[in-house]
Structures are given as structure tokens and as C-alpha cells.
Amino acid sequence: MPELPEVETVRAGLAPALTNAKVTGVDVLDARSLKRHPGGVEDFKQTLIGAKILGVVRRGKFLWLPIEVKGTTQKLALVGHLGMSGQMLLRSPGASEDKLTRVVIHAKCADGEKVEFRFIDQRIFGSLAIDELIETSDGKPGGFSAGVGLGQYWQNMIPRQAAHITRDPLDEDFDEPAVLAKFKKKNSGIKRVLLDQQTLSGIGNIYADEALWQAKLHYDQPAASISKAKASELLAAVKDILAKAVAQGGTSFDEQYKNVNGESGYFAVSLNAYGMTGLPCKRCGHPIKRENWMNRGSHLCPKCQRRRG
DNA sequence: ATGGACACCTGTGGGC
DNA sequence: TGCCCACAGGTGTCCA
């Protein structure tokens with residue numbers, strides 16, 4: 001479910017409470033949520049209990065919390081991905097339980113308050129894991145942390161399991177010319193390219209459909225066939241939409257996406273294509289259509305977004 | 001390289 | 001009420 005704006009909303013919510021917090025306990029209610037942690041449940045618990053959380057960083061849809069673990073020289077992070085249905089909630093100890101909670105991390109905040117970090121995940125496509133941090137290939141910051149961690153050893157590092165993810169369009173070091181050059185080399189349809197986290201990251205099905213609507217491009221238009229000017233327009237639309245969605249706290253349709261306090265985001269009211277099947281296009285009035293595409297759905301205005309060439 | 005199918009999962013809503 | 005099917009904000013792998 002969650003794409004960059006939703007993950008960023010979660011990151012921004014976790015950071016004030018968890019930066020410099022200490023882990024006091026871990027409950028693993030469903031081991032399947034640790035499938036990307038190679039060491040198994042006991043190793044996960046033992047490593048985490050007593051660890052100090054140093055910050056909260058995001059690249060694309062990946063989140064990680066660098067941790068300081070006594071008795072090891074390894075540089076580690078707690079890595080989280082929300083998959084299709086993950087949530088990270090901050091609750092007071094003893095607050096009523098949240099359905100589908102898979103993992104609970106008990107922590108003591110820097111100010112002495114106690115907090116429960118609850119990982120909720122209906123479909124269990126998301127995961128938590130402890131992973132090693134490695135240097136970024138370009139020597140630049142691994143991801144976005146809103147200035148927390150500047151000058152610390154982990155600033156220019158990234159978890160091994162997220163290292164293949166390229167920078168997202170809201171990253172200070174996003175390399176737009178490089179992304180445009182990649183477009184020129186790809187004969188795949190542009191939507192497939194937008195969703196490829198190794199070309200640019202953070203975009204999922206909602207924001208891909210929205211950006212393509214904004215730029216009046218058909219999802220199957222070969223990326224290489226798009227003019228540089230049009231491709232730049234598309235990237236500008238991507239950035240604009242992602243930034244606006246972050247400002248609105250992301251997109252919520254139902255119970256599947258909530259911020260750390262369990263509240264919905266408000267970008268859904270700004271959607272022009274995604275989920276608008278049958279409603280008139282806000283530009284030309286033609287009904288928005290949903291088409292089956294890659295085992296999921298694509299929403300577009302068949303009149304404004306014609307495939308060309 | 002590229003496109004397609006499918007695996008990983010559970011829950012909800014619509015149609016009958 | 002119940003049953004069955006379609007569908008859901010993601011990622012990764014395998015195969016033609």
C-alpha cells in the first residue's frame with residue numbers, strides 16, 4: 001500500500017519519539033513478519049533488546065533505524081518495509097491492542113517516557129529485520145532523515161538489503177539527468193519504468209497513475225520514445241505530486257494506511273485518476289477507465305492519455 | 001533486456 | 001445469511 005508519501009509520514013512520526021530511545025523489550029507475535037531477518041526470532045530479539053536507536057531514515061519506500069548495539073563493532077540498523085498493508089503505530093504502554101499486530105518493540109524515549117512501537121500488517125508482505133549498514137556507493141547520505149544524524153557515522157550508509165534501491169525524487173541528491181538517461185534506454189512502457197525502484201524509487205501504483213495523468217501519458221508508452229521535454233515534465237509532475245501528498249500526510253482509503261497515531265492522510269481528495277473509475281476526467285470530462293495491467297490495475301483518461309507513435 | 005506469470009498473504013466488498 | 005470471486009498503496013524471482 002504505502003508509497004513514498006505514506007512512508008515519509010511514518011518516518012516523520014517515528015523520529016521525534018524514537019531518536020535516542022532505548023529498546024527495553026520485543027514481542028514477536030508472528031514470525032512471518034521477520035522473514036527478511038536471516039537470524040530468526042531469537043537473534044532479532046537479542047540484538048534489539050538494550051539497543052539504542054539513533055535516528056529514522058528513509059529512501060523510497062524503505063525505512064531504517066540505525067542502532068547502537070553493545071558488544072559488537074558491526075554497524076546495524078532495524079530495517080522496515082510496509083509492503084502492501086504495513087503500519088507502524090506508536091502507542092502508550094497498555095493501550096488497547098491493535099488488530100493484526102505482528103511485532104511490538106517496547107522502548108524508553110530520550111525524555112524518559114515509555115512507548116510501544118507496534119508493527120501491524122494484514123497481508124504480511126511487509127517486514128522488519130536487522131541488517132548491516134554499508135557505505136553508500138556515491139559517498140552521499142543514504143536517505144532522508146530531516147537533518148537528524150548529520151555528521152554521524154551512519155549518515156552516509158544504507159542497509160545492505162536496501163542498497164539496490166536508487167534515490168527517490170524528493171532526495172536532495174536525486175540525479176535527474178541520470179534518470180532521464182535511463183528512460184532513453186528503456187523500451188518498456190513508462191509506467192513499468194516508473195515503478196522500477198532501481199530506476200527511481202518511491203513511486204507505486206497510485207502516484208504512477210497520478211503522474212501519468214498529470215503529464216498526459218499512456219502507461220504503455222515506451223519510455224525511450226518520450227521526448228526529453230515530456231520526460232522532464234513527467235518527473236516534475238512526480239515531484240509535485242509526491243511533495244503535495246507528503247504535505248497531506250499521504251493517501252488513505254480505508255484501514256490500510258494510517259500515520260503513527262492511527263490517523264488517515266488526506267491526499268485522496270486530490271486524486272485525479274487512481275480509483276476514479278467511471279468518474280469524469282477533471283480535464284476533459286471523458287470517463288476515467290481502469291484497465292487490467294501487470295496483475296493489477298491502471299487508471300487513466302483514454303482521451304487525454306493516448307499512446308503515441 | 002523485457003514482459004509476463006506467479007509467489008508471498010489476509011481481509012473486505014459486491015453479486016447472487 | 002452465506003458463498004465465491006475480484007480486488008487491494010509491493011517486491012522478488014523464475015521463465016519464455
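Everything numeric in this text was worked out from a predicted model, so none of it was measured. Just so you know, these numbers use all the heavy atoms, side chains as well, and skip hydrogens, waters and symmetry mates. Note on naming: letters A, B, ... go to the chains in the order of the sequence lines (proteins, then strands), and numbering restarts at 1 for each one.
Looking at the side chain of A/His81, the nearest of the listed nucleotides C/dA8, C/dG10, B/dT2 is C/dG10. Listed nucleotides: B/dA5, B/dC9, C/dG12. Nearest to the side chain of A/Arg123: B/dC9.
One interatomic measurement links the two molecules: CH2 of A/Trp293 to C1' of B/dG4, which rounds to 11 Å at whole-angstrom precision. Straight-line distance from the CG atom of A/Asp121 to the C1' atom of C/dG10: 11 Å, rounded to whole Å. The distance from atom CG of A/Leu63 to atom P of C/dT11 is 12 Å, rounded to the nearest whole Å. As a whole-Å value, the separation of A/Ile120 CD1 from B/dT10 C1' is 15 Å. The distance between atom CG of A/Leu29 and atom P of B/dC9, rounded to the nearest whole Å, is 17 Å. C/dC7 atom P lies 16 Å from atom CE of A/Met294, rounded to whole Å. What separates CG of A/Leu4 from P of C/dT11 is a distance of 11 Å, to the nearest Å. The distance between atom CZ of A/Phe62 and atom P of C/dT11, rounded to the nearest whole Å, is 7 Å.
Here A/Tyr207 lies out of heavy-atom contact (under 4.0 Å) with every strand. Within the nucleic acid shown, A/Gln197 comes within 4.0 Å of sugar-phosphate atoms alone, with no base atom in reach, counting heavy atoms only. Nucleic acid contact for A/Arg192: base, since at least one base atom lies under 4.0 Å from a heavy atom of the residue. Contact annotation for A/Leu195: no contact, since no heavy-atom pair falls under 4.0 Å across all strands. Counting any heavy atom pair closer than 4.0 Å across all strands shown, A/Asn187 reaches sugar-phosphate atoms only and no base atom. Nucleic acid contact class of A/Lys186 (heavy atoms, under 4.0 Å, all strands): sugar-phosphate only.
Salt bridge absent: A/Arg102 and A/Asp121 never bring a charged side-chain N and a carboxylate O closer than 4.0 Å. Under a 4.0 Å N-O distance rule, the pair A/Asp196/A/Lys182 does not qualify as a salt bridge. Using a cutoff of 4.0 Å between basic side-chain nitrogens and carboxylate oxygens, A/Arg307 and A/Asp220 are scored as salt-bridged.
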Q | Derivation and outcome, salt bridge (Lys or Arg N to Asp or Glu O under 4.0 Å), residues A/Arg167 and A/Asp138 | A | CA-CA 11 Å; A/Arg167 295 183 179 282; A/Asp138 56 9; 3.2 Å; yes
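Of the nucleotides present, none pairs with B/dC9 by Watson-Crick or G-U wobble criteria with both distances under 3.5 Å.
The side chain of A/Lys185 contributes no N or O atom lying less than 4.0 Å from OP1 or OP2 of B/dA1. In this structure, A/Arg290 reaches the C/dA8 phosphate: one of its side-chain N or O atoms is under 4.0 Å from OP1 or OP2. Taking 4.0 angstrom as the limit, A/His164 places a side-chain polar atom (N or O) nearer than this to OP1 or OP2 of C/dG12. One finds a side-chain N or O of A/Arg32 lying less than 4.0 angstrom from the OP1 or OP2 phosphate oxygen of B/dT10.
DNA chain B is contacted by both A/Lys35 and A/Leu100; A/Lys35 maps to the nucleotide lying nearer its 5′ end (nearest heavy atom per residue).
The aromatic ring of A/Phe125 does not stack onto the base of B/dC9, failing the criterion of a centre distance under 5.5 Å from the six-membered base ring together with planes under 30° apart.
Annotation: C/dC3 and B/dC9 have their P atoms spaced 25 Å apart (nearest Å).
Between the side chains of A/Lys244 and A/Ser270, no donor-acceptor pair is found at a separation under 3.5 Å.
No more than 12 heavy-atom neighbours from other residues, nucleotides or ligands sit within 6.0 angstrom of CD on A/Glu255.
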